[in-house]
Number of protein chains: 2
Amino acid sequence: MSQHPYNPLDSLVFLTNRVGRLLSSDIRKRAGDDVEGLYSTHMGVLVDLWMQDGLRQHDLVISVVKDKGTIARALENLEKQDIVYRVTDAADRRNKRIYLTPKGRKLKEDMLPHALASVEEVLEGIPAEEVAICKKVLRRMYKRLVQKMMHTTPADTTSL
Amino acid sequence: MSQHPYNPLDSLVFLTNRVGRLLSSDIRKRAGDDVEGLYSTHMGVLVDLWMQDGLRQHDLVISVVKDKGTIARALENLEKQDIVYRVTDAADRRNKRIYLTPKGRKLKEDMLPHALASVEEVLEGIPAEEVAICKKVLRRMYKRLVQKMMHTTPADTTSL
DNA sequence: TACGAGTGGTTGCGTTTGCAACGAATAACA
DNA sequence: TGTTATTCGTTGCAAACGCAACCACTCGTA
């Protein structure tokens, strides 16, 4: 078990974490005032809601991969900023459904150009077929991991 | 600029961030006691040092993509745990070089099996050529982004 | 050598974070 | 129906984080 020729640059754990953080950091820089007061968790929540509005709070805990207390307070904050609102689910009063306000939907339009520009710049010169395959692999990993998380004991959302 | 058919599942920003967090979370779960007291920033620092021992503190700030104050305190913590030690660079006394202790090197051996097992499980059934291409693309993005960061005003390591 | 600009690291401060303990609502089962 | 176990969300707390101000050191210019 010794003499591992382990190279992080060949590890998907390392690569996805670093590239993810670097891209986010770059986008944040480009966006400037557009993301004033919006932190990592806020953005994570918003992206999920842009994909599907009205998710349950618990869905966001799984998907954003943060502690449920963290998500609760992030939503409280977003609600104060009039970006989302929460509705207790009538069918199961333990759940809360999260909805975007018009302001929350508009944020998507503000952010999108920055995200597209950042990725475009980084991908310059890399063959489109390879990028497509890369996304395909990541998408499969993502779906599999989320699936797994849902059938797992709660807690433990610490991401190293 | 409206009517964007934007789908996060087709965005490398979204995919890398989520897959990265999910993988890290999964590994943390597998590792259990082996990572007791080691948080996100600590692990980030360690991985870099496993690649190359004796890096300057500033290199870690760029690579781990966290604030320099955050890195400073993480190193202070790791030093207390006897995992790394810091040496002022004689050639330029502003810099500090960071070295792994034997305990720090051993941690690599402890973590590695968990990381390998996690990735292996997630990649099951995905063609090896596609995974290889995915890594290649991410590696290029990583190098380009780090390069860019180094020629950029400091600060702004917030990663959305 | 002297001086101003720039770089790397530390520290104070307010906010965010993960964890654990808790409460409310539902589900499972006698 | 009543009792117990689960699930989802909230909250107290200590630790970690990003930011900005600061200090120590180096470098460029004269």
So what does A:R86 touch, heavy atoms closer than 4.0 Å: a base, only the sugar-phosphate, or nothing?
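Result for A:R86 = sugar-phosphate.
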Take atom NZ of B:K136 as the centre, draw a 6.0 Å sphere, and report whether it contains more than 12 heavy atoms from other residues, nucleotides or ligands.
no
Measure from [atom1] on [X] to [atom2] on [N] and round the result to the nearest Å.
X     : N      : atom1 : atom2 : result
B:L78 : D:dA15 : CG    : C1'   : 14 Å
A:L55 : D:dG9  : CG    : P     : 11 Å
B:L60 : C:dG8  : CG    : P     : 13 Å
B:R21 : C:dG18 : CZ    : C1'   : 11 Å
A:R56 : C:dT26 : CZ    : P     : 14 Å
A:R93 : D:dT10 : CZ    : P     : 13 Å
B:R28 : C:dT17 : CZ    : C1'   : 13 Å
A:K68 : D:dG12 : NZ    : P     : 16 Å

So which nucleotide from [options] ends up closest to the side chain of [X]?
X     : options                : answer
B:N77 : C:dA25, D:dG18, D:dA16 : D:dA16
B:R94 : C:dA25, C:dG6, D:dG9   : C:dG6
B:D92 : D:dT26, D:dT10, C:dG18 : D:dT26
A:H58 : C:dA27, D:dG9, D:dA24  : D:dG9
A:Y39 : D:dT10, C:dT16, D:dT6  : C:dT16
B:E76 : C:dT11, D:dT10, C:dC19 : C:dT11

In a check of side chain to side chain contact (heavy atoms under 4.5 Å, CB included) between B:V137 and each of B:K135, B:R140, B:M141, which one passes?
B:M141
Please confirm whether the shortest side-chain N or O distance from [X] to OP1 or OP2 of [N] is below 4.0 Å.
X     : N      : value
B:N95 : C:dT7  : no
A:T41 : C:dT17 : yes
A:R73 : C:dC19 : no
A:K96 : D:dT10 : yes
B:K66 : D:dC17 : yes
A:T70 : C:dG18 : yes

Check: A:V47 and A:W50 side chains under 4.5 Å, non-hydrogen atoms:
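A side-chain contact under 4.5 Å exists here.
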Within the 4.5 Å heavy-atom criterion, are A:Y99 and A:R86 side-chain neighbours or not?
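Not touching, per the 4.5 Å side-chain cut-off.
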Heavy-atom nearest nucleotide on DNA chain C taken for A:G37 and for B:G69; more 5' hit belongs to B:G69
What I want to find out is whether A:D10 reaches B:R139 closely enough, with some N-O distance under 4.0 Å, to be called a salt bridge.
yes
Apply salt bridge (charged side-chain N to carboxylate O under 4.0 Å, His left out) to B:D26 and B:R30, showing your working.
CA-CA 6 Å; B:D26 184 59; B:R30 291 168 184 266; 2.9 Å; yes
